[in-house]
2 protein chains.
Amino acid sequence: MSQTRVHNFALSLDGFATGEPQSLEAPFGHAGHRLHEWFFATRQFSADGAHGIDDAFAQRWAPGIGAEIMGANKFGPPGWQDDLGWRGWWGERPPFGTPVFVLTHRPRPPLELDGTTFHFLSASPDEVLAAARDAGGGLDVRIGGGPSVVRDFLLADLIDHLHVVQVPILLGRGVRLWDGLEGLEERFAVEATTSPSGVTHLVFNRKVHGG
Amino acid sequence: MSQTRVHNFALSLDGFATGEPQSLEAPFGHAGHRLHEWFFATRQFSADGAHGIDDAFAQRWAPGIGAEIMGANKFGPPGWQDDLGWRGWWGERPPFGTPVFVLTHRPRPPLELDGTTFHFLSASPDEVLAAARDAGGGLDVRIGGGPSVVRDFLLADLIDHLHVVQVPILLGRGVRLWDGLEGLEERFAVEATTSPSGVTHLVFNRKVHGG
């Protein structure tokens with residue numbers, strides 16, 4: 001059974017998944033790299049990174065995934081839709097290796113880059129999930145962010161597994177993940193694990209129906 | 001050297017220290033008891049409670065404390081100032097056993113109850129802290145909450161030790177602790193510890209000056 005999964009989704013202690021303002025030079029605004037330093041230190045990110053609890057979680061990003069869904073803000077800086085030459089943040093070798101569905105109100109033709117095909121569409125969570133499942137051959141679908149896309153899928157009760165990484169910093173401003181999700185924990189089993197790096201891994205596993 | 005400490009301060013994952021609305025029947029609003037179930041299960045709270053990581057943290061509430069400072073909302077439900085007979089939530093045997101300074105814009109004469117003396121005053125964080133240190137004989141001062149009082153003391157950089165307990169629930173609404181505290185972590189060493197009960201203990205220890 002194909003699951004919908006979120007991995008390595010970093011939040012500040014005050015709940016922000018990105019700082020502000022987002023731009024070409026600062027994709028996470030004033031947060032800079034601070035939400036992702038734990039990830040840069042893993043073997044998943046770099047050959048001289050460390051094995052350990054952070055890496056164990058980070059490695060789960062790819063296996064079993066047949067497609068990713070992402071929001072427009074993850075594909076490019078504000079206004080990328082005006083630049084027909086924009087090919088994503090990742091250069092000519094994006095790390096996905098699967099179909100990627102980019103939610104945008106200004107669709108454009110698909111873009112193929114080294115085994116990753118980006119599809120651009122305007123659709124509801126239900127609709128894009130159906131398209132991603134189909135394109136992914138029935139494997140799991142990863143919701144890649146940003147925060148408003150993850151939130152939309154949580155609100156629609158379409159997430160089976162959510163891995164959040166709480167980083168002990170206070171950003172004070174930016175885009176929050178948790179807004180409007182009162183009572184979310186009732187639908188999930190929640191487990192917390194701290195790491196020597198200082199972050200806390202939180203996993204939300206959806207309870208089997210009625211649970 | 002007298003320190004200023006916060007203990008056992010529970011927060012939901014989305015950062016709320018209390019739900020809403022607060023009333024005589026529901027001191028934490030729609031949060032009910034959910035933020036404090038971890039505490040009710042400790043030996044610190046009850047003779048048939050458990051020893052363990054939650055209890056180890058909870059026990060640190062009293063030793064070395066000479067006085068407490070609390071906000072008006074911790075002393076009583078909204079409007080308690082209109083009731084001259086209101087003697088706090090705790091009945092005739094409050095658990096403090098030290099002077100307690102209650103911040104309120106409507107001071108009243110001190111109230112003595114079984115070894116606890118409540119003082120009622122309108123004062124800045126600096127002023128009330130000086131009064132509490134003096135009354136506590138130079139021992140440590142506990143900031144007892146609620147969230148807006150703890151936040152005021154953090155903003156004034158008057159907290160040496162902050163123990164926050166993150167409970168894996170999403171309240172969605174209420175009073176947040178972290179608002180306006182961008183960059184707080186720069187002044188503190190932060191440590192996170194998870195518990196089998198599901199909560200995560202976060203301790204913020206103020207760095208020695210210049211750190």
- Item | B/I169 portion near chain A, given a 4.5 angstrom heavy-atom threshold | both
- Item | Heavy-atom pairs under 4.5 Å with chain B, option from A/T200, A/V190, A/L11, A/L171 with the top count | A/L171
- Item | Segment of A/T193 engaging chain B (4.5 angstrom heavy-atom cut-off) | backbone
- Check: B/H36 ring centre within less than 6.0 Å of B/F45 ring centre: no
- Item | Segment of B/Q166 engaging chain A (4.5 angstrom heavy-atom cut-off) | side chain
- With a 4.5 angstrom heavy-atom cut-off, which part of B/F16 approaches chain A: side chain, backbone, both or neither? neither
- Item | Interatomic distance, A/L162 atom CG to A/F9 atom CZ [nearest 0.5 angstrom] | 8.5 Å
- With the side chain counted from C-beta on, respond yes when B/H161 and B/V203 share a heavy-atom pair under 4.5 Å apart, and no when they do not. yes
- Item | Pairs of heavy atoms under 4.5 Å with chain B: top-ranked of A/G183, A/G15, A/A192 | A/A192
- For A/F28, does its backbone N or O pair with a side-chain atom of A/Q22 as donor and acceptor, under 3.5 Å? no
- Message: Test your reading of the model: is there a side-chain donor-acceptor pair from B/R60 to the backbone of B/H163, 3.5 Å cut-off?
- Response: no
- Message: Quick check: A/F204 with A/W178 (ring centres under 6.0 Å apart)?
- Response: yes
- If you tally heavy-atom pairs under 4.5 Å against chain B, which of A/H30, A/R176, A/E191 wins? A/R176
- Okay, B/S12 and chain A: the region with an atom under 4.5 Å from a heavy atom over there is neither
- Item | Structural part of A/L181 lying under 4.5 Å from a heavy atom of chain B | both
- Hey, what do you get for CG (A/D54) to CD (A/E37), rounding to the nearest 0.5 Å? 12.0 Å
- Message: Is B/L13 close to chain A through its backbone or its side chain, or both, or neither, when contacts mean heavy atoms under 4.5 Å?
- Response: both
